[in-house]
Amino acid sequence: MTNQQIAQIFNHIADILEIQGENVFKIRAYQKAAETIANFTGDISALSEKELAELPGIGKAIAQKTKELVETGKLKYYEDLKKSEYAPLVELLQIQSVGPKHARLLYDRLGVKSISDLEKAAKQEKIRKLAGMGEKTEENILKGISALRKHKERIPIGEILPRVEIIFAELEKLKETKQALIAGSLRRFKETIGDADILIASEKPKPIMDAFVKIPQVTRVLSQGETKSSVITKDGFQVDLRVVEAESFGAAAHYFTGSKAHNVKIRTMAVRKGIKVNEYGIFKGKRRIASRTEEEVYKSLGMQWMPPEMREDWGEIELALKHKIPALVELKDIKGDLQMHSTWSDGWNSIEEMAQDGIDCGYEYIAITDHSPTLGITRGLTEERVYKQIEEIRKINKKYKNFRILTGIEVDVRENGQLDLPNSVLKELDIVVASIHTKFNLPKEQMTTRIIKALENPVVDILGHPTGRLLGKREPFEVDMEKIIKAAKANKKVLELNGCPDRLDLTDIYLKQAREKGVKIAISTDSHKNLHLKEWMRYGVGMARRGWLEKKDVVNTLPLDKFLKFLATP
DNA sequence: GCCGTTTTCGGCCCGACTGTTTTCAGTCG
């Protein structure tokens with residue numbers, strides 16, 4: 001049973017308990033445990049009950065339940081809960097404006113058990129007759145149902161960020177705006193986004209709020225207050241805008257950047273010291289001791305400022321207290337891009353066009369890594385075409401002075417772990433990226449062996465998109481990442497962080513694990529169009545920062561000469 | 001259900017907005 005599956009069960013338990021009207025702190029305990037498990041970098045199922053109970057937010061009871069789940073594949077407590085008459089109501093919680101109290105009321109009074117029951121009741125105007133509910137509520141429920149149907153999932157960051165930046169630019173240029181920031185999970189560069197948060201400092205919030213709800217992308221206003229408004233855009237995602245005074249900007253930025261877990265921990269810590277933390281500042285009694293900048297806010301709590309990407313309560317608070325926050329890799333540190341495709345296989349642009357965009361990015365090198373023959377649909381390179389492409393690249397390279405196109409390939413790893421082209425050919429290339437594109441559903445052990453075999457092959461430099469996931473489209477294949485990281489370390493191989501926003505693979509928790517083991521990472525865009533080079537690297541770097549990677553952990557921060565030396569060292 | 005140089009029991013982060021009420025519960029982040 002995977003960490004994610006276990007976490008999901010505890011979250012489901014929390015939902016059922018919530019509708020049953022259980023103690024809110026008990027509910028929160030299950031949610032916190034689920035979060036710990038989901039973010040755990042190792043295999044939860046490998047831990048003993050004692051080790052489990054040492055994890056934050058997991059005590060005796062949940063440790064024991066986790067063990068039961070891992071060992072028997074079932075949990076009696078959970079099975080019993082699912083039999084509760086209230087269990088089906090969990091579905092209703094997905095609807096905006098419907099919480100546990102309303103779900104219960106709707107069931108107890110109208111027998112509503114599903115979203116379609118709810119829709120029927122709303123259309124028959126039965127909901128408005130319930131105590132504490134009215135016409136507006138009924139209307140909001142119907143809108144909530146249609147919004148849910150339109151957009152169920154969290155959105156990949158690559159889809160949402162550029163759109164939010166357009167809205168942000170509109171607000172930033174208003175004359176009443178003094179300071180502005182995209183906050184929330186977008187600022188933390190989380191791979192998928194639920195909704196967007198924008199923060200503005202201004203002494204005149206009203207005109208900003210008025211402008212916000214009138215932006216052409218807005219189709220529905222969920223709420224509009226003096227300092228806080230929420231809207232839904234035509235693309236179906238929610239944007240929250242918060243306006244504070246400039247004096248509070250740092251405290252508000254901290255608060256609205258989150259994550260929730262990070263904030264809760266900081267507030268809890270502060271409370272013990274008799275300090276109150278809210279979006280307006282850090283308060284000792286009535287006196288505000290910090291608020292204007294984030295640095296000031298952290299400092300007032302005895303902490304060093306830290307990059308937003310780290311704020312997940314993954315140990316960053318402890319580091320900040322010791323003033324040991326690492327200097328994370330930045331976009332400007334990147335000196336080259338190590339995976340991209342040209343018209344030789346399934347790319348849209350010529351090698352020269354790709355190179356030009358590499359130069360425009362300020363890089364010293366790029367690697368052209370077209371596909372290998374197995375992927376017929378991509379017009380993968382045969383042996384003969386590999387040699388031809390090497391020739392072609394040599395010719396093109398003569399045109400450049402301070403820039404180099406590296407010859408390379410993204411070679412397919414076959415089911416048995418062998419590569420799609422012989423080593424005699426592959427060793428002629430500067431860079432060999434080995435990736436899996438077929439047979440995704442092998443059993444975990446077989447997949448792990450397959451990949452390790454590729455990592456043991458001396459011609460391989462980088463393991464491409466190591467888990468094969470496509471956000472919202474394809475789950476990562478089953479593989480023992482701990483073993484892969486070990487094998488990469490043992491064979492001195494690089495793991496790719498594929499920055500294509502649909503992939504972002506490796507993901508943060510594995511990057512953090514790889515970093516701890518001293519495995520190097522290549523941040524690549526896997527561009528199939530020249531424009532992607534410029535657009536996608538920031539997502540890769542964002543994810544790298546979420547994995548706490550520093551410049552030294554990322555091979556393509558090396559200047560060309562050092563990078564070539566790195567490749568040449570066995 | 002978890003947790004502890006203030007506690008092994010009694011706490012558990014904090015505030016805005018809405019809708020339906022006339023002072024606040026529910027929802028959300």
Side-chain angles (χ1 to χ4, degrees), chain A residues 10 13-14 17-19 21-36 52-66 77 81 92-106 127-141 143-144 183-186 188 193-199 205 209 213 221-232 238-244 248 251-252 254-283 301 313:
Chain A
F10 286 135
I13 288 174
L17 292 177
E18 195 167 24
I19 291 175
E22 256 290 355
N23 178 336
V24 286
F25 300 106
K26 183 168 166 182
I27 294 160
R28 200 177 292 166
Y30 276 102
Q31 288 167 337
K32 168 91 170 112
E35 208 174 315
T36 296
L52 283 166
E54 280 165 14
L55 297 176
I58 298 184
K60 216 176 154 200
I62 294 184
Q64 190 252 316
K65 287 186 171 73
T66 306
Y77 177 67
L81 269 182
L92 305 179
L93 300 180
Q94 296 175 74
I95 298 158
Q96 178 101 246
S97 85
V98 178
K101 294 288 194 307
H102 285 163
R104 266 293 284 273
L105 183 67
L106 288 159
I127 293 174
R128 62 181 67 181
K129 299 191 182 85
L130 298 178
M133 302 239 197
E135 268 181 62
K136 272 277 180 67
T137 308
E138 198 170 75
E139 194 182 314
N140 283 337
I141 285 173
K143 283 178 180 170
S185 48
L186 277 167
R188 302 198 317 278
I193 307 296
D195 50 38
D197 299 288
I198 297 176
L199 173 67
M209 287 302 176
V213 299
V221 180
L222 290 174
S223 67
Q224 184 182 0
E226 279 175 41
T227 67
K228 187 185 166 190
S229 298
S230 297
V231 301
I232 302 281
Q238 182 175 331
V239 184
D240 296 339
L241 172 66
R242 192 68 192 257
V243 182
V244 298
S248 297
H254 174 250
Y255 179 61
F256 292 110
T257 296
S259 66
K260 194 174 165 188
H262 174 94
N263 286 357
V264 166
K265 183 140 185 181
I266 287 205
R267 285 182 179 199
T268 309
M269 265 179 39
V271 165
R272 290 200 191 110
K273 293 190 199 167
I275 293 172
K276 189 172 79 165
V277 178
N278 62 26
E279 57 263 60
Y280 302 109
I282 313 299
F283 297 88
L301 298 165
D313 190 19

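The sequence lines fix the lettering, A, B, ..., with proteins before strands; numbering per chain opens at 1.
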Measuring from atom NZ of Lys143(A) to atom CD of Gln96(A), what distance do you get when rounded to the nearest 0.5 angstrom?
11.5 Å
CD of Glu54(A) versus P of dG4(B): gap in Å, rounded?
12 Å
Whole-Å distance between dG1(B) P and Ile13(A) CD1?
10 Å
If pairing requires Watson-Crick or G-U wobble contacts with both distances under 3.5 Å, which nucleotide is the partner of dT8(B)?
none
Restricting to nitrogen or oxygen on both sides, can you table the protein-nucleotides 21-27 of chain B pairs closer than 3.5 Å?
{"from": "dT27(B)", "atom 1": "OP1", "to": "Gly99(A)", "atom 2": "N", "distance (Å)": "2.8"}
{"from": "dT27(B)", "atom 1": "OP1", "to": "Gly99(A)", "atom 2": "O", "distance (Å)": "3.2"}
{"from": "dT27(B)", "atom 1": "OP1", "to": "His102(A)", "atom 2": "N", "distance (Å)": "2.9"}
{"from": "dT27(B)", "atom 1": "OP1", "to": "His102(A)", "atom 2": "ND1", "distance (Å)": "3.2"}
{"from": "dT27(B)", "atom 1": "OP2", "to": "Lys101(A)", "atom 2": "N", "distance (Å)": "3.2"}

Quickly work out the Gln31(A) CD to dC28(B) C1' distance and round it to whole Å.
13 Å
With sequence neighbours excluded, residues passing side-chain contact (heavy atoms from CB on, under 4.5 Å) with Tyr77(A):
Ile13(A), Leu17(A), Lys26(A), Tyr30(A), Lys65(A), Leu75(A), Leu81(A)
Here the pair of heavy atoms bringing Asp240(A) nearest to Ser230(A) is OD1-OG, 2.7 Å
Can you check the distance between dG10(B) and dT6(B), where both ends of the measurement are the C1' atom (answer in whole Å)?
13 Å
Is the number of heavy atoms from other residues, nucleotides or ligands within 6.0 Å of CD (Glu135(A)) greater than 12?
no
Distance check, P atoms only: dT18(B) and dC13(B), in whole angstrom units.
26 Å
Whole angstrom is fine here: how far is it from CG in Leu186(A) over to C1' in dG29(B)?
14 Å
With Glu35(A) via side-chain hydrogen bond (donor to acceptor under 3.5 Å, both in side chains) - residues at least two apart
none
Between Lys273(A) and Gly134(A), which residue's closest nucleotide on DNA chain B lies nearer the 5′ terminus?
Lys273(A)
Nearest whole angstrom, please: distance from the P of dT18(B) to the CD1 of Ile141(A).
17 Å
Quickly work out the Arg272(A) CZ to dG11(B) P distance and round it to whole Å.
15 Å
Atom-to-atom span, CD of Gln238(A) to P of dC17(B) - whole angstrom:
14 Å
Using the C1' atom in both, what is the distance from dT8(B) to dC3(B), to the nearest Å?
9 Å
Syn if the chi torsion is within 90° of 0, anti otherwise; quick check, which is dT20(B)?
anti
Taking the C1' atom of each, how far is dC12(B) from dT7(B), in whole Å?
13 Å
What does Ile27(A) touch in the nucleic acid at a heavy-atom separation under 4.0 angstrom: a base, only the sugar-phosphate, or nothing?
nothing
Can you sort out the partners of Gln64(A) under side-chain contact (heavy atoms from CB on, under 4.5 Å), two or more places apart, ordered by chain and number?
Glu49(A), Glu68(A)
Take a 6.0 Å sphere around NZ of Lys129(A) and say whether it holds more than 12 heavy atoms from other residues, nucleotides or ligands.
yes
Whole-Å gap separating C1' (dC2(B)) and CD (Gln64(A)):
15 Å
Rounding to the closest angstrom, what is the interatomic distance between dC14(B) and dT21(B) at atom P?
31 Å
Could you tell me whether Lys65(A) contacts a base, only the sugar-phosphate backbone, or nothing, with contacts defined as non-hydrogen atoms closer than 4.0 Å?
sugar-phosphate
What N/O pairs connect the protein and nucleotides 12-16 of chain B at under 3.5 Å? Give each pair on its own line.
{"from": "dC13(B)", "atom 1": "OP1", "to": "Arg28(A)", "atom 2": "NH1", "distance (Å)": "2.6"}
{"from": "dC13(B)", "atom 1": "O2", "to": "Arg267(A)", "atom 2": "NH1", "distance (Å)": "2.7"}
{"from": "dC14(B)", "atom 1": "O4'", "to": "Arg267(A)", "atom 2": "NH1", "distance (Å)": "2.3"}
{"from": "dG15(B)", "atom 1": "OP1", "to": "Lys276(A)", "atom 2": "NZ", "distance (Å)": "3.2"}
{"from": "dG15(B)", "atom 1": "OP1", "to": "Asn278(A)", "atom 2": "ND2", "distance (Å)": "2.9"}
{"from": "dA16(B)", "atom 1": "OP1", "to": "Tyr280(A)", "atom 2": "OH", "distance (Å)": "2.8"}
{"from": "dA16(B)", "atom 1": "O3'", "to": "Thr227(A)", "atom 2": "OG1", "distance (Å)": "3.4"}

Across all chains, not counting sequence neighbours, the side-chain contact (heavy atoms from CB on, under 4.5 Å) partners of Arg267(A) are Tyr255(A), Val277(A), Asn278(A), Glu279(A)
Heavy atoms, side chains only, cut-off 4.5 Å: are Lys32(A) and Asp313(A) in contact?
yes
Between CG of Leu106(A) and CE of Met133(A), what distance do you get to the nearest 0.5 Å?
4.0 Å
Using a heavy-atom cut-off of 4.0 Å across all strands, would you classify Leu55(A) as base, sugar-phosphate, or nothing?
sugar-phosphate
